Amino acid sequence: MRIRTLTIGALAVTTVLTLTGCSAPGGEMGGMDHGSSSAPHSADAAAQADVAFAMNMIAHHQQAIEMSDVLLGTQGAAPEVAELAERIKAAQQPEIDTMTQWLTAWGEDPSMGGMDHGDGMMSPDDMAALEDADGPAASRLFLVQMIVHHEGAIEMAEQELADGKDARALELAQRVIDDQTAEIAEMRSMLDAL
């Protein structure tokens with residue numbers, strides 16, 4: 001009986017070690033290099049920063065698109081604000097698609113992303129307020145909320161520039177900073193004009 005118990009215990013340890021080796025962060029299996037030039041080369045902190053950036057920015061962009069859809073479905077929204085909402089959707093959906101492809105190539109599950117309400121993310125109450133607003137009030141609220149949202153995205157992108165290593169992720173982070181900084185200035189001008 002003692003020999004059987006030891007054998008079962010050894011089998012359990014072997015199984016755990018095997019499974020753990022297959023689920024190493026960064027999509028690597030047991031430290032093996034599978035030769036994928038598109039994947040981060042190791043599960044080091046920089047590679048994990050790239051993964052976190054893509055996961056969180058996907059969720060962030062998805063909410064920006066949701067906010068834009070709410071504004072675009074609002075009667076009486078200011079035309080210039082509606083045009084901005086269209087541009088935000090047109091810019092951010094392709095970036096979501098790109099980051100989703102990266103995560104898949106890195107052995108990560110893109111659907112596992114998600115964020116709390118930091119980094120400029122709107123709370124359910126914020127989203128409800130936008131949905132309940134009408135016309136000019138919705139236009140103003142969208143601009144105020146999207147400024148905060150963009151500021152959060154810029155902070156995330158700056159963190160990626162500081163900690164990440166994937167050249168494409170770093171390039172996207174810089175583009176987010178450049179594009180969204182310009183859009184913040186545009187939205188502040190729109191708010192002054194409303």
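Please read all numbers here as calculations on a predicted model, not as lab measurements.
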Trainee: On a heavy-atom basis, which atom in Gly120 and which in Met122 lie closest, and how many Å separate them?
Mentor: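 Reported closest heavy-atom pair: O-CE, 3.1 Å.
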
Trainee: Please assess His150 against Met187 for the test side-chain contact (heavy atoms from CB on, under 4.5 Å), listing each intermediate value before the final yes or no.
Mentor: CA-CA 10 Å; His150 275 21; Met187 288 188 284; 3.6 Å; yes

Trainee: Going from CE on Met57 to CG on Leu172, what distance comes out if it is rounded to the nearest 0.5 angstrom?
Mentor: 7.0 Å

Trainee: Rounded to the nearest 0.5 Å, how far apart are CD of Glu83 and CD of Glu80?
Mentor: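 Separation between the atoms: 9.0 Å.
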
Trainee: Any heavy-atom pair between the side chains of Leu72 and Glu86 that's under 4.5 Å?
Mentor: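 Touching, per the 4.5 Å side-chain cut-off.
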
Trainee: So which of Glu183, Glu186, Gln92 actually passes side-chain hydrogen bond (donor to acceptor under 3.5 Å, both in side chains) with Arg87?
Mentor: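 Only match with Arg87 under side-chain hydrogen bond (donor to acceptor under 3.5 Å, both in side chains): Glu186.
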
Trainee: Is any side-chain heavy atom of Arg175 less than 4.5 Å from a side-chain heavy atom of Glu95?
Mentor: yes

Trainee: Which atom names give the shortest non-hydrogen contact between Ala157 and Ala173, and what distance separates them?
Mentor: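 So the minimum-distance heavy-atom pair works out to CB-O, 3.3 Å.
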
Trainee: Do Pro136 and Leu194 have side-chain heavy atoms sitting under 4.5 Å apart?
Mentor: no

Trainee: To the closest 0.5 Å, what do you measure between OG1 (Thr98) and CG (Leu103)?
Mentor: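 One gets 11.0 Å once the value is rounded to the nearest 0.5 Å.
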
Trainee: Report yes or no: do Asp44 and Gln48 form a side-chain donor-acceptor pair below 3.5 Å?
Mentor: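 Looking only at side-chain atoms, Gln48 and Asp44 do not form any donor-acceptor pair under 3.5 Å.
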
Trainee: Testing the basics here: between Thr74 and Val70, what is the closest heavy-atom pair and its distance to 0.1 Å?
Mentor: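 The pair with the smallest heavy-atom distance is OG1-O, 2.8 Å.
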
Trainee: Between the side chains of Ser189 and Asp192, is a donor N or O closer than 3.5 angstrom to an acceptor N or O?
Mentor: no

Trainee: Set out, in order, the CA-CA distance, both residues' side-chain angles and the distance that settles side-chain contact (heavy atoms from CB on, under 4.5 Å) for Trp106 and Asp166, then state yes or no.
Mentor: CA-CA 11 Å; Trp106 296 341; Asp166 184 272; 3.7 Å; yes

Trainee: Check whether any side-chain heavy atom of Leu84 sits under 4.5 Å from a side-chain heavy atom of Leu71, and report yes or no.
Mentor: no

Trainee: Taking the basic N atoms (NZ, or NE/NH1/NH2) and the acidic carboxylate oxygens, is any pair closer than 4.0 Å for Asp50 and Arg168?
Mentor: no

Trainee: So, taking the atom named CG in Asp125 and the one named CG in Leu130, what distance separates them when rounded to the nearest 0.5 Å?
Mentor: 12.5 Å

Trainee: What closest approach, in Å, do Met156 and Phe53 show between heavy atoms, and which atom pair accounts for it?
Mentor: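 It is O-CD1, 4.0 Å.
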
Trainee: Return yes if a side-chain donor-acceptor contact under 3.5 Å exists between Asp97 and Gln101, otherwise no.
Mentor: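 No - no donor-acceptor pair under 3.5 Å links their side chains.
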
Trainee: Quick one, His149 with Gln180, criterion side-chain contact (heavy atoms from CB on, under 4.5 Å). Give me CA distance, side-chain angles, the key distance, then yes/no.
Mentor: CA-CA 10 Å; His149 203 262; Gln180 297 198 17; 5.9 Å; no

Trainee: What I'd like to find out is whether the side chain of Ile65 reaches to under 4.5 Å of the side chain of Ile88, using heavy atoms alone.
Mentor: no

Trainee: Can you name the closest pair of heavy atoms from Ala77 and Ser139 and give their distance?
Mentor: CA-OG, 3.5 Å

Trainee: Does Val81 share a hydrophobic cluster with Val148, counting links as ILVMFWY side-chain heavy atoms below 4.5 Å and allowing steps through other members?
Mentor: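 Yes; Val148 is reachable from Val81 via cluster members.
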
Trainee: Report the distance from atom OG of Ser68 to atom NE2 of His61, rounding to the nearest 0.5 Å.
Mentor: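 The NE2 atom of His61 is 11.0 Å from OG of Ser68, to the nearest 0.5 Å.
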
Trainee: Under 4.0 Å between a side-chain nitrogen and a carboxylate oxygen: does that hold for Arg188 and Glu151?
Mentor: yes

Trainee: To the nearest 0.5 Å, how far apart are CD1 in Ile154 and OG1 in Thr181?
Mentor: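 Spacing of CD1 (Ile154) from OG1 (Thr181) equals 3.5 Å.
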
Trainee: Can any side-chain N or O of Asp126 pair as donor or acceptor with the backbone N or O of Ser123 at less than 3.5 Å?
Mentor: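 Between the backbone of Ser123 and the side chain of Asp126 there is a qualifying donor-acceptor contact (under 3.5 Å).
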
Trainee: Before you tell me yes or no, could you show the steps for Met67 and Phe142 under side-chain contact (heavy atoms from CB on, under 4.5 Å), namely the whole-Å CA-CA distance, both residues' side-chain angles and the distance that decides it to 0.1 Å?
Mentor: CA-CA 7 Å; Met67 293 166 68; Phe142 174 82; 4.2 Å; yes

Trainee: If you measure only the distance, is there a donor-acceptor pair under 3.5 Å linking the side chains of Ser111 and Asp109?
Mentor: yes

